Each structure stands twice: as structure tokens, then as C-alpha cells.
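One structure is given here, and the rest of the page talks about it.
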Amino acid sequence: MPSSQGTVPFYAALLEACSSTKNLHSLEQIHALTIRLAISHHDFIRTKLVSSYAACAQLRQATAIFSFATRRPTFLFNTLIRAHSSLRLFPQSLSIFRRMLLSGKPIDRHTLPLVLKSCTGLSSLRLGRQVHGVVVINGFSVDLPNSNALITMYGKCGDLGVARKVFDEMPERNEVSWSALMAGYGVHGKFGEVFGLFERMVEDGQKPDGLTFTALLTACSHGGLVERGKEYFGMMRMGFDLRPGLEHYTCMVDMLGRAGQVEEAEKLIMEMEVEPDEALWGALLSACRIHGKAEVADRLQKRFIEDS
């Protein structure tokens, strides 16, 4: 039997590939091989197995592997917390965090952003504030991912004052920091703040990313600012060499549909470089019903049936 010295990194890489491609069949085959090679109990392999099964939405298997572990280091708890929060199973994610605390495991810089994501998903400002205290006590308040997670949580949960305070006190910021605060202002109708932050971001030399433009286009849609939205959408490619993704097209279709520009929204879908999903078709069909565009709805339904 081969030595596990070189075998472990090799099989960890294979498991990582299964995770990124969500290939359950290959994952199960590689898992069987790790058992035959007697390396499935290795901490690194076990963590990869948990995260890979979670990526394939097989949480029962991921949890079972975690449960059989005799040694459960912090990073293994983090993996299971992340697995549940990524599938929007926020109460379960927080329950695993409580188990982690009760078992006396130390928190590291990767733990609390995952927990804050679950607080955000549950819109629980009370829990989020408690976790903020844990961030400060553990010395993570200057850590970039922790600060970004706090901005997202406070922004989505409605405490924009604290979200801005966290942002202003950060020793360094990245595009996620700016986008998170912009999204928070946008959710609560503070559209002027969204656009002002974008201008400041560009002036500070920070390059916007896809999340930035999602926040901008969402604000334009909810604010009925169609021309401004079109300007930002064009700016993605022309100004920042960013290729619009499905979420950006969805924002644009929603914005045009709300404004009654249904034919233009239809034209945008027909010309887009990514495959439309059901949510996108649904947004446009809803706009057709609201604005009485029966002929456009008929064309869209035929196109949807053909693509299905």
C-alpha cells in the first residue's frame, strides 16, 4: 500500500476538484479509495470530504463524517458551519457553532464571518450584535473578512449607523467592503448614499467588481432610475472591463420591466451572453402581465419551452 505521505495531498486535490465541479459520483468513488488506502481518517482528507459532500448538497453524509471524527479541530467545525450556511440552513449553522463553543474549541479568524452570514440570513440583529462582541473580544475587529461580514450583517439587518461606523474605522478596505455598505444602503432605500459611495470608491482607486454593480443596479431598479441604471450597466464593460453576469441581467430586466419598457427587456435577454434562468424569465413575464404586453408574453413562453 502506498505511503500516506504523498497520497494525502493527491487525494485532497481530487476531492477539491469534486467539490468545485459538484461531481457526486466521482466524489463517492474517491471516498471509497481513501477508505481502502486508510487515509479517510486523516484530518485534511476528512475536512475535504465534509466540504465536498456539502458542495454536492449531501449534508447528511457530510454530518456523518463529522460525527465519526474522534478529533474535531476548529477548521473541521468551520467546514460544517460553512456547509450549512452556504445552503441557507442558517439555524443549523448556528447550532453547530454553539456545539463548537460548548466543546471548548477555540475560534479562529475564519469562524465568525460564517456565523455572521447566518445571522444576516435570519435577519437577527440581536444575535449579530452578540457575535460582534465575540469578534472584538477575540481581536478580529481589524481583520478584513470579519469587518466585511459585520458591514453586511448590520446593513441587511437595518442598523446602517453601525455598518457605516465599522466601515469608517477599517484600517484597510477592499471591493467587498464598499459593495457590502452600498448593498445595505440600497436595501433600505438610501439610493443617494449608494451612488455617493460608488463615486468615492472609484476616486479612492478601488476597482468595482460584480457585487458593486449588483448593488448599483438593484438601487436603480428599486428607485425607478432607468437611465442611470443603463449608464451603470454600460459602464461595467466599457469602464471596468467587467462581463455582466446573470444577476446583472436580472437587475436590468427587473428595472426595465418595472418601467414598462418590456420590449427593451426582451431584446436584452435575446442578446445576453449567459443562459437565462427561470427567475429571469419569470421577472419579464410578470412585467408583461402588469403592463398588458400579451404578444411579448406569448413569444417568451414559446422561447422558454424551446429552451427547456
Side-chain angles (χ1 to χ4, degrees), residues 1-90 92-97 99-100 103 105-118 120-121 140 143-146 148-149 152 174-176 179-180 209-211 214 242-243 245-247 274-275 277:
M1 185 173 292
S3 165
S4 64
Q5 186 87 23
T7 307
V8 167
F10 175 71
Y11 278 91
L14 290 178
L15 289 168
E16 183 69 33
C18 293
S19 179
S20 60
T21 59
K22 297 178 171 48
N23 190 327
L24 180 59
H25 179 66
S26 294
L27 171 58
E28 290 171 337
Q29 289 181 321
I30 295 166
H31 186 187
L33 284 171
T34 65
I35 294 171
R36 285 175 56 194
L37 291 167
I39 59 170
S40 61
H41 64 283
H42 190 286
D43 283 345
F44 195 35
I45 293 293
R46 183 177 284 130
T47 302
K48 290 295 183 185
L49 284 168
V50 170
S51 60
S52 298
Y53 275 111
C56 296
Q58 303 296 308
L59 281 189
R60 182 178 296 179
Q61 181 69 289
T63 304
I65 294 168
F66 175 87
S67 300
F68 287 129
T70 53
R71 204 175 76 82
R72 295 172 186 165
T74 296
F75 63 78
L76 191 59
F77 271 100
N78 288 348
T79 299
L80 200 61
I81 293 169
R82 180 184 293 105
H84 285 79
S85 66
S86 66
L87 293 173
R88 303 186 63 79
L89 299 171
F90 303 124
Q92 295 90 324
S93 177
L94 292 174
S95 177
I96 296 161
F97 176 58
R99 282 173 63 190
M100 179 180 177
S103 66
K105 291 292 181 292
I107 294 166
D108 67 16
R109 61 185 290 269
H110 304 291
T111 308
L112 297 175
L114 303 171
V115 177
L116 285 165
K117 179 180 178 180
S118 293
T120 304
F140 299 135
D143 179 72
L144 189 57
N146 277 273
N148 287 343
T152 299
N174 61 6
E175 66 279 3
V176 177
S179 302
D209 65 0
L211 289 173
T214 298
L242 289 171
R243 182 181 176 184
L246 185 58
E247 66 278 11
V274 293
E275 282 298 315
D277 62 0

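Since this is a predicted model, take the numbers as computed values, not measurements.
- With a 6.0 Å radius and a threshold of 12 heavy atoms from other residues, nucleotides or ligands, Phe44 has its CZ atom at or below the threshold.
- Considering only heavy atoms from C-beta on, Leu246 comes within 4.5 Å of Asp277 through its side chain.
- In this structure, Thr63 contributes its side chain and Arg60 its backbone to no donor-acceptor pair below 3.5 Å.
- Looking only at side-chain heavy atoms (C-beta outward), Leu114 and Ser93 stay at 4.5 Å or farther from each other.
- Considering only residues two or more places apart in sequence or on other chains, Phe90 meets the ring-ring contact (aromatic ring centres under 6.0 Å, His included) condition with none of them.
- Phe97 and Phe77 have their aromatic ring centers separated by at least 6.0 angstrom.
- Closest approach of Gly210 to Leu242, counting heavy atoms only: N-CD1, 4.4 Å.
- Judged purely by atom type and a 3.5 angstrom limit, Thr47 has no side-chain atom pairing as donor or acceptor with the backbone of Leu76.
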TODO: Determine, stepwise, if the pair Thr152 / Leu116 fulfils side-chain contact (heavy atoms from CB on, under 4.5 Å).
DONE: CA-CA 9 Å; Thr152 299; Leu116 285 165; over 6 Å; no
TODO: Assess whether side-chain contact (heavy atoms from CB on, under 4.5 Å) is satisfied between Asn78 and Met100, documenting all intermediate values.
DONE: CA-CA 9 Å; Asn78 288 348; Met100 179 180 177; 4.1 Å; yes
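- Remark: Ile81 CD1 to Ser86 OG distance equals 12.0 Å, nearest 0.5 Å.
- The side-chain hydrogen bond (donor to acceptor under 3.5 Å, both in side chains) pairs that include a residue from residues 24-35 are Asn23-Ser26, His25-Gln29, His31-Tyr53, where partners are two or more places apart or lie in different chains.
- Rounding to the nearest 0.5 Å gives a distance of 8.5 Å between CD1 of Ile107 and OG1 of Thr74.
- Taken from CD in Gln92 to NE2 in His84, the straight-line distance is 6.0 Å, to the nearest 0.5 Å.
- Remark: side-chain polar atoms of Ser52 are paired, donor with acceptor, to backbone N or O of Lys48 under 3.5 angstrom.
- Phe10 contributes atom CZ, which lies 10.5 Å from atom CG of Leu15 (distance to the nearest 0.5 angstrom).
- The two residues Leu87 and Ala57 come nearest to each other via the heavy atoms CD1-CA, 4.1 Å.
- Taking NE2 of His110 as the start and CG of Asn146 as the end, the distance is 9.5 Å to the nearest 0.5 Å.
- When all heavy atoms of Ile30 and Cys18 are compared, the pair lying nearest together is CD1-SG, 3.4 Å.
- Of the possible donor and acceptor atoms, none in the side chain of Arg109 sits under 3.5 Å from a partner among the backbone N and O of Asp143.
- When side chains are defined from C-beta on, Thr111 does not count as touching Phe140, because their heavy atoms never get closer than 4.5 Å.
- Put simply, the side chain of Arg72 gets close to the backbone of Ser67: a donor and an acceptor are under 3.5 Å apart.
- A distance of 8.5 Å separates CG of Leu33 from CD1 of Ile39, quoted to the nearest 0.5 Å.
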